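Down below is the structure, laid out as structure tokens.
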Amino acid sequence: MSMTNRLTEALKQQILALPSAPQLLEEVYAALAEEAKRRQLFYEQVTEESKAEFINGEVILHSPAMKRHVEVTSQLFQLLNAYVLKHTMGFVGIEKLMIRLTRNDYEPDICYFATEQATHFSPEQMLFPAPDFVVEVLSKSTEKRDRGIKWQDYAAHGVGEYWIIDPEGQTVEQYLLRDGNYNLHRKVADGELNSQVVRGFTIPVRAIFEASANIQALAQILA
């Protein structure tokens, strides 16, 4: 049993031990019903121009990104997208693509869907299921969520691989899903990085952070 499942079971037993358990559950159901209404309103009001997420009942609006954040995201997307297109391995989304999970909606910096899922997407689709691989690029305003609620939610929905990139420290943390939890596979600042979910995708770590290394890596992918 995973840590999340153990915590869920412990919480369930604590609630069932309370004489007020039925009333408490009614209040939870009522709160979730109100949250569902706010979520529907979020879908109706969010626009293509805004970057927003719906997390535990709240609309989270994101401020404009720093240059280094944009560069890191763009450089990794360029490599991953080129590799996936070349080998016809699915679909890669960047930033504005919205992931709809059981309770929350996220716009990850980069996400990848294997062919099994991607073949079912339509050109007009705006909400997407849990991807197979996710990348979040840290910022001061998002780090707590990237290492907290998103970490838990991505794992709970079976996202097989999760990269957390620190653009300031220029490191990549590679987490793999094992028994419902993410385990740190590697934390690197140099050398090569091999995805376990995107089969065969191997890049120099510096190609994420340096333009010259990125161009060389892209040329190798396209060769």
Side-chain angles (χ1 to χ4, degrees), residues 1-12 28-29 31-43 46 51-62 73 76-77 80-81 84 89-122 125-139 142-165 172-186 195-199 201:
M1 182 182 294
S2 70
M3 182 180 297
T4 300
N5 289 338
R6 289 197 297 270
L7 291 174
T8 300
E9 181 63 25
L11 180 59
K12 183 178 73 174
V28 170
Y29 289 138
L32 289 175
E34 286 299 316
E35 181 180 296
K37 293 178 182 178
R38 293 196 298 274
R39 191 180 193 186
Q40 184 57 44
L41 185 62
F42 167 72
Y43 292 149
V46 70
K51 182 170 174 61
E53 298 177 314
F54 188 86
I55 303 177
N56 288 357
E58 296 184 19
V59 176
I60 307 297
L61 297 175
H62 293 273
T73 303
L76 178 55
F77 171 78
L80 179 60
N81 193 50
V84 168
M89 292 178 63
F91 171 68
V92 182
I94 184 171
E95 290 188 331
K96 284 295 296 164
L97 189 136
M98 184 167 286
I99 304 302
R100 187 180 192 274
L101 302 185
T102 304
R103 184 181 178 188
N104 299 318
D105 302 282
Y106 305 115
E107 291 187 338
D109 290 309
I110 298 172
C111 57
Y112 161 76
F113 301 87
T115 305
E116 290 77 8
Q117 289 204 86
T119 52
H120 300 289
F121 297 162
S122 70
Q125 189 162 336
M126 296 182 67
L127 297 174
F128 294 81
D132 297 283
F133 168 66
V134 165
V135 177
E136 294 287 4
V137 180
L138 297 179
S139 66
T142 66
E143 182 169 6
K144 184 177 180 181
R145 289 189 294 272
D146 292 342
R147 296 188 182 279
I149 184 64
K150 288 187 177 184
W151 170 290
Q152 299 167 19
D153 227 353
Y154 291 153
H157 286 82
V159 178
E161 186 170 355
Y162 183 26
W163 289 9
I164 294 180
I165 300 179
V172 182
E173 298 168 34
Q174 180 185 25
Y175 294 92
L176 302 179
L177 190 65
R178 294 286 184 270
D179 299 322
N181 292 309
Y182 284 127
N183 296 308
L184 179 63
H185 182 64
R186 296 182 69 197
S195 172
Q196 303 299 301
V197 167
V198 188
R199 299 180 308 278
F201 182 63

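In this text the structure is predicted, and so the values were computed from the model without any measurement.
You'll find the side chain of Leu76 reaches within 4.5 Å of the side chain of Trp163, heavy atoms only. Between Ile99 and Pro108 the shortest side-chain heavy-atom distance falls below 4.5 Å.
Looking at residues two or more places apart in sequence or on another chain, you find a ring-ring contact (aromatic ring centres under 6.0 Å, His included) between Phe121 and Phe113, Phe128. With sequence neighbours left out, Tyr162 forms a ring-ring contact (aromatic ring centres under 6.0 Å, His included) with Tyr154, Tyr182. Applying the side-chain hydrogen bond (donor to acceptor under 3.5 Å, both in side chains) criterion to Arg145, with sequence neighbours excluded, gives no partner residue. Listed by chain and residue number, Glu143, Asp146, Arg147, Ile164, Asp166, Pro167 satisfy the side-chain contact (heavy atoms from CB on, under 4.5 Å) test with Leu138 (two or more places apart in sequence, or in another chain). Scanning for side-chain contact (heavy atoms from CB on, under 4.5 Å) contacts around Arg186 gives Gln174, Val188, Leu193, Asn194, with sequence neighbours left out. Every residue two or more places apart in sequence or in another chain that forms a ring-ring contact (aromatic ring centres under 6.0 Å, His included) with Phe201 is listed here: Tyr83. Residues satisfying the side-chain contact (heavy atoms from CB on, under 4.5 Å) test with Thr119, not counting sequence neighbours, are Thr115. Residues passing the salt bridge (Lys or Arg N to Asp or Glu O under 4.0 Å) test with Glu53, sequence neighbours excluded: Lys150. Taking the salt bridge (Lys or Arg N to Asp or Glu O under 4.0 Å) definition, one finds that Lys144 meets it with nothing, sequence neighbours left out. Listed by chain and number, the residues in a side-chain contact (heavy atoms from CB on, under 4.5 Å) with Asn104 are Ile55, Asn56, Tyr106, Ile149, Asp153 (sequence neighbours excluded). The side-chain hydrogen bond (donor to acceptor under 3.5 Å, both in side chains) check on Glu35 picks up Arg103, with sequence neighbours excluded. Residues satisfying the side-chain hydrogen bond (donor to acceptor under 3.5 Å, both in side chains) test with Lys12, not counting sequence neighbours, are Glu9.
The backbone N or O of Ala114 lies less than 3.5 Å from no partner atom in the side chain of Gln117, so there is not a single donor-acceptor pair.
Atom CG of residue Asp132 and atom CZ of residue Phe91 lie 12.5 Å apart, to the nearest 0.5 angstrom. Remark: Ile110 CD1 to Thr73 OG1 distance equals 5.5 Å, nearest 0.5 Å. Put simply, CZ on Phe77 and CG on Asp109 are 12.0 Å apart, with the number rounded to the nearest 0.5 Å. With values rounded to the nearest 0.5 angstrom, Glu107 atom CD is found 13.5 Å from Phe54 atom CZ. Once rounded to the nearest 0.5 Å, the distance linking CG of Asn181 with CG of Leu176 reads 12.5 Å. The distance from the CE atom of Met126 to the CZ atom of Arg100 is 13.0 Å, given to the nearest 0.5 Å.
Here the closest non-hydrogen pair linking Leu101 and Ala130 is CD2-CB, 3.7 Å. Residue Glu116 comes nearest to His120 through the heavy atom pair O-CD2, 3.1 Å, listed as atom of the first residue, atom of the second, then distance. Nearest heavy atoms, Pro131 versus Val159: O-CG2, 3.4 Å. In terms of heavy-atom proximity, Ala52 sits nearest to Val46 at CB-CG2, 4.2 Å.
At a cut-off of 3.5 Å, with distance as the only test, a side-chain donor of Ser195 or Glu161 sits close to an acceptor on the other residue. Counting only N and O atoms by type, the side chains of His157 and Thr102 include a donor and acceptor under 3.5 Å apart.
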Dump the intermediate steps for side-chain contact (heavy atoms from CB on, under 4.5 Å) on Leu97 and Cys111, then the final yes or no.
CA-CA 8 Å; Leu97 189 136; Cys111 57; 3.7 Å; yes

Under the criterion side-chain contact (heavy atoms from CB on, under 4.5 Å), I'd like the reasoning laid out for Asp105 against Tyr43: C-alpha separation, chi angles, the key distance, then a yes or no.
CA-CA 10 Å; Asp105 302 282; Tyr43 292 149; 2.7 Å; yes

Step by step, work out the side-chain contact (heavy atoms from CB on, under 4.5 Å) result for Asn183 and Tyr175.
CA-CA 5 Å; Asn183 296 308; Tyr175 294 92; 6.0 Å; no

Kindly indicate, with the supporting measurements, whether the criterion side-chain contact (heavy atoms from CB on, under 4.5 Å) is fulfilled by Ile165 and Glu136.
CA-CA 6 Å; Ile165 300 179; Glu136 294 287 4; over 6 Å; no

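Ion pair Glu95/Lys51 not flagged as a salt bridge, since none of the NZ, NE, NH1 or NH2 atoms sits closer than 4.0 Å to an Asp/Glu carboxylate oxygen.
A 6.0 Å sphere centred on CD of Gln196 holds more than 12 heavy atoms belonging to other residues, nucleotides or ligands.
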